[in-house]
Chemist: 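Take a look at this one; I'll ask things after.
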2 protein chains.
Amino acid sequence: MRRDVFQAIADPTRRAILTLLVVQAMTPNALAEHFETTRQAVSKHIGILTECGVVSQKQTGREIHYHVNPEKLKEIDIWLERFRKMWEDRFDQLDNILNNL
Amino acid sequence: MRRDVFQAIADPTRRAILTLLVVQAMTPNALAEHFETTRQAVSKHIGILTECGVVSQKQTGREIHYHVNPEKLKEIDIWLERFRKMWEDRFDQLDNILNNL
DNA sequence: AATATTTGCAACCGATTGGTTGCAAATATA
DNA sequence: TATATTTGCAACCAATCGGTTGCAAATATT
């Protein structure tokens, strides 16, 4: 199955889950309370995020706390690198224009 | 239709297209030569990239040259911001460990 | 004027997606 | 021990995705 970080963050619900998990680790039930969908739907999203290593789990009793793996998201940052050069160049150009005025 | 930058870069072929276009603007035909798929499939991808503003076009005669809009990709960079803090913290931690050895 | 090239658009197709409901397993609580 | 809570898994469903083929329109070329 084609499962990578880019596909993982393509879905807005999954991005929202990551935004919640970056603040603190949460259980699927706690996460589901923040969304309109069912717990199972949220669990599916967590499954996809886990599958490509963006989140990890830590079980304590019957509860499972999920937390973000920021290193995986760094992969996106690395891919963006070549484009970052471009928008920084454009900013420099704007800077030059402003200096000349 | 749910079309945003995150969904645009989810597909590996579209990422490859952007990687080609960042070097130089290209026509759909020229792009299609770099892939196994048909020109029409590539054109569909270009359509999606155009729809969410990641690429723009410049028509000269019957040829259309597509180029990257780096500002749109910056949106992803901005979203990554909150996580970047995390992996930088972890790097600092590793740095501390190495210094103590 | 006739022909070739470049492109976009529409129709169709199988696979995947994001969602649902139902249920079983494991752990906590009464 | 009986019951409640938390979770994962499987089956199913409509919508979307990435791909195809066919065709028409616009521009170059002969």
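The chains referred to below are lettered A, B, ... by the order of the sequence lines, with proteins before strands, and numbering in each begins at 1.
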Chemist: In terms of side-chain heavy atoms of A:Thr37, which of C:dG19, C:dT7, C:dG8 is nearest?
Modeler: C:dG19

Chemist: Nearest whole angstrom, please: distance from the P of D:dG8 to the NE2 of A:His65.
Modeler: 12 Å

Chemist: Salt bridge between A:Asp4 and B:Arg15, side-chain N to carboxylate O under 4.0 Å?
Modeler: yes

Chemist: Quick one: the side chain of B:Arg62 and the base of D:dT27, do they pair up donor-acceptor inside 3.5 Å?
Modeler: yes

Chemist: Tell me whether the OP1 or OP2 atom of D:dT5 has a side-chain N or O from A:Asn29 closer than 4.0 Å.
Modeler: no

Chemist: Find which nucleotide of DNA chain D each of B:Arg39 and B:Lys44 is nearest to by heavy atoms, and output the residue with the more 5' nucleotide.
Modeler: B:Lys44

Chemist: Any side-chain N or O of A:Thr27 less than 4.0 Å from the OP1 or OP2 oxygen of D:dT6?
Modeler: no

Chemist: For A:Leu49 and C:dG18, give me the distance from atom CG to atom P, rounded to whole Å.
Modeler: 10 Å

Chemist: Verify the neighbour count for atom CD of B:Glu36: are there more than 12 heavy atoms of other residues, nucleotides or ligands below 6.0 Å?
Modeler: no

Chemist: Working to the nearest 0.5 Å, report the span between NZ of A:Lys72 and CG of A:Asp77.
Modeler: 14.5 Å

Chemist: Counting only side-chain heavy atoms from C-beta out, which of D:dC17, C:dG22, C:dT7 sits nearest to A:Gln40?
Modeler: C:dG22

Chemist: Using atom CD of B:Glu33 as one end and atom C1' of C:dT5 as the other, report the distance to the nearest whole Å.
Modeler: 13 Å

Chemist: Are B:Lys85 and B:Glu88 close enough for a salt bridge, meaning some N to O gap below 4.0 Å?
Modeler: no

Chemist: Which residue, B:Ala41 or A:Tyr66, contacts DNA chain D at a nucleotide closer to its 5' end, judged by nearest heavy atom?
Modeler: A:Tyr66

Chemist: Does C:dT20 have its OP1 or OP2 closer than 4.0 Å to a side-chain nitrogen or oxygen of A:Thr38?
Modeler: yes

Chemist: Could you tell me how far apart A:Ile9 (CD1) and C:dT17 (P) are, to the nearest whole angstrom?
Modeler: 16 Å

Chemist: Mind calculating the distance between CD (A:Gln7) and P (C:dA15) to the nearest angstrom?
Modeler: 17 Å

Chemist: To the nearest 0.5 Å, what is the distance between CG on A:Leu80 and NZ on B:Lys74?
Modeler: 12.0 Å

Chemist: With side chains defined as the heavy atoms from C-beta onward, is the minimum distance between A:Thr27 and A:Ile64 less than 4.5 Å?
Modeler: no

Chemist: In whole Å, what is the span from the CD atom of B:Gln57 to the C1' atom of C:dG8?
Modeler: 10 Å

Chemist: Starting at CG of B:Asp11 and ending at P of C:dA15, how long is that distance when rounded to a whole Å?
Modeler: 18 Å

Chemist: Return the value, rounded to whole Å, for the distance between atom CD1 of A:Ile46 and atom P of D:dT6.
Modeler: 14 Å

Chemist: Map A:Thr60 and B:Ile64 onto DNA chain C by nearest heavy atom, then report which one ends up closer to the 5' terminus.
Modeler: B:Ile64

Chemist: Could you say whether A:Glu36 or A:Gln59 is positioned toward the 5' end of DNA chain C, judged by the nucleotide with the nearest heavy atom to each?
Modeler: A:Glu36

Chemist: Between C:dG8, C:dT17, D:dG18, which one does the side chain of A:Arg3 approach most closely?
Modeler: C:dT17

Chemist: If you check the B:His45 side chain, which of D:dC17, D:dG18, D:dG8 turns out closest?
Modeler: D:dG18

Chemist: Would you indicate which nucleotide in D:dG18, C:dT20, C:dT7 comes nearest to any side-chain atom of B:Glu63?
Modeler: C:dT7

Chemist: So what does B:Phe35 touch, heavy atoms closer than 4.0 Å: a base, only the sugar-phosphate, or nothing?
Modeler: nothing

